[in-house]
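Let me begin by presenting the structure, written as structure tokens, before commenting on it.
Below, each value reflects all heavy atoms present in this structure, side chains not excepted, and no hydrogens, waters or symmetry copies. All ligand and atom numbering here is 1-based and tracks the order in the structure.
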Amino acid sequence: MKKYIVGNWKMNQTLANIDDFFSSLKIKDSKCEAWIAPQTLHVAELLKRSEGAPFNLEVGVQNICEHESGAFTGETSAVTAKDLGAGFTLVGHSERRSLYNEDDDLLNKKLHSALKSGLTVIFCIGEQLIERQNGMTNAVLKNQLIEGLEGINANSFNDGQLLIAYEPVWAIGTGEVATPEQAQEAHAHIRAVLAVELRLENKTIPLLYGGSVKPSNAAGLLSQKDIDGALVGGASLKGEDFSKLCEIASL
Ligand code: 13P
């Protein structure tokens, strides 16, 4: 399987920044899956610019509404994101969970809505620092998977249409990265929960690590057996760093 480098641009990047990003992409060809989720309003712009990029770039969104259409002022549906040309969406990023109070039940609805629209979903889970300190990491991850993926079975999605991102909350935007061993241990646990509890053992579900990934630490993480890629915030904003990450993931 190709490794994934997924840039989550969060609420960053002006059009001028996006120009800089594309003009500083360094590599001619990439053998990884290179994906970017800009702000939703920038999706069309990114799709246009990615046509001229030196390698294939998939464009997605960071969030969708759980409803397909209707009186939900300010929201964007999965159907509309798909119409716009987005290929994927994040669901359940820790910033959505904590800043916008998105709970497992809502995230489960979003997941179903996104899969139904044909979008690929990166479903994000991860423990808080206090939960890790109290030895609750595995239990938290298992619970987030069981609640978040309720009603999902092997027929709900195609191979590769659902990815799980493990993003320990204490490692997001803090510069404090999980060690490759810590990340591998969590990923092995996630793999086991998907197989045993959710009966998805025959599906291809790539597992991404996220939290302070940068060119200097990516190789150690990506060489782990159960780490299929990285979900990257800060280090995905600059074309040079994004290119370096893609090079590392293409090895
Ligand atoms: P950082 O890479 O900036 O820590 O952000 C991680 C993240 O939240 C990606 O979704």
Side-chain angles (χ1 to χ4, degrees), residues 3-13 17 21 32-40 42-43 46 57-64 81 86-102 107 110-111 114 119-129 131-132 137 140-141 144-145 148 162-180 182-183 186-187 190 205-222 224 227-249:
K3 300 255 188 214
Y4 292 76
I5 296 295
V6 182
N8 172 11
W9 280 1
K10 308 191 180 184
M11 204 171 73
N12 294 303
Q13 306 286 60
N17 296 149
F21 177 88
C32 76
E33 292 282 345
W35 297 8
I36 292 180
Q39 298 182 60
T40 305
H42 282 158
V43 164
L46 239 77
L57 262 180
E58 183 88 20
V59 180
V61 293
Q62 301 167 14
N63 179 39
I64 45 109
F88 71 97
T89 183
L90 306 185
V91 171
H93 190 278
S94 79
E95 286 146 22
R96 301 297 316 172
R97 291 176 187 263
S98 64
L99 302 174
Y100 299 95
N101 299 320
E102 296 195 355
L107 297 175
K110 291 190 175 199
L111 172 62
L119 286 177
T120 292
V121 176
I122 302 178
F123 193 83
C124 307
I125 59 175
E127 82 286 2
Q128 319 252 0
L129 181 59
E131 294 167 333
R132 175 163 282 269
T137 300
V140 168
L141 299 179
Q144 287 175 334
L145 285 172
L162 174 64
L163 299 84
I164 306 293
Y166 168 59
E167 297 204 299
V169 179
W170 48 270
I172 296 178
T174 58
E176 189 174 343
V177 63
T179 64
Q182 283 173 323
H187 281 225
I190 291 166
I205 305 177
L207 304 185
L208 314 183
Y209 167 80
S212 298
V213 175
K214 41 186 187 283
S216 59
N217 60 28
L221 289 159
L222 293 175
Q224 298 298 309
I227 301 185
D228 303 312
L231 180 55
V232 189
S236 71
L237 296 171
K238 297 266 184 263
E240 292 91 344
D241 284 346
F242 189 78
S243 304
K244 277 187 206 146
L245 289 167
C246 289
E247 263 176 47
I248 294 165

Specify side chain, backbone, both or neither for [X], according to which of its non-hydrogen atoms lie closer than 4.0 Å to ligand 1.
X: C124; result: neither
X: K10; result: side chain
X: N8; result: side chain

Those atoms of ligand 1 less than 4.0 Å from some heavy atom in [X]:
X: A171; value: 4 (O)
X: L231; value: 9 (C), 10 (O)
X: S212; value: 1 (P), 2 (O), 4 (O)

Option of least heavy-atom distance to atom 8 (O) of ligand 1 (set: E95, Q62, H93): H93
Return the option from E176, K214, E167 holding the heavy atom at the smallest distance from atom 9 (C) of ligand 1. E167
With distance as the sole criterion, is a donor-acceptor pair present between the side chains of E167 and H93 under 3.5 Å? yes
Testing the basics here: between [X] and [Y], what is the closest heavy-atom pair and its distance to 0.1 Å?
X: G211; Y: V177; result: O-CG2, 3.4 Å
X: G87; Y: E58; result: CA-OE2, 3.3 Å
X: N63; Y: T89; result: N-OG1, 3.6 Å

Quick test: of every protein heavy atom, which one is nearest to [atom], and how far off is it to 0.1 Å?
atom: atom 4 (O) of ligand 1; value: G173 N, 2.6 Å
atom: atom 2 (O) of ligand 1; value: G233 N, 2.9 Å
atom: atom 3 (O) of ligand 1; value: G234 N, 2.9 Å

Under 3.5 Å: donor-acceptor pair, side chain of R97, backbone of L107: no
Within the structure, is a non-hydrogen atom of A235 found at a distance of less than 4.0 Å from ligand 1? no
For K3, all residues meeting salt bridge (Lys or Arg N to Asp or Glu O under 4.0 Å), sequence neighbours excluded: none
Output all residues satisfying side chain to side chain contact (heavy atoms under 4.5 Å, CB included) with K214, sequence neighbours left out; order by chain, then residue number. S216, N217, A235
Fit a plane to each ring of H187 and Y209, take the angle between them on a 0 to 90° scale, and name the class: parallel (under 30°), tilted (30 to 60°) or perpendicular (over 60°). tilted
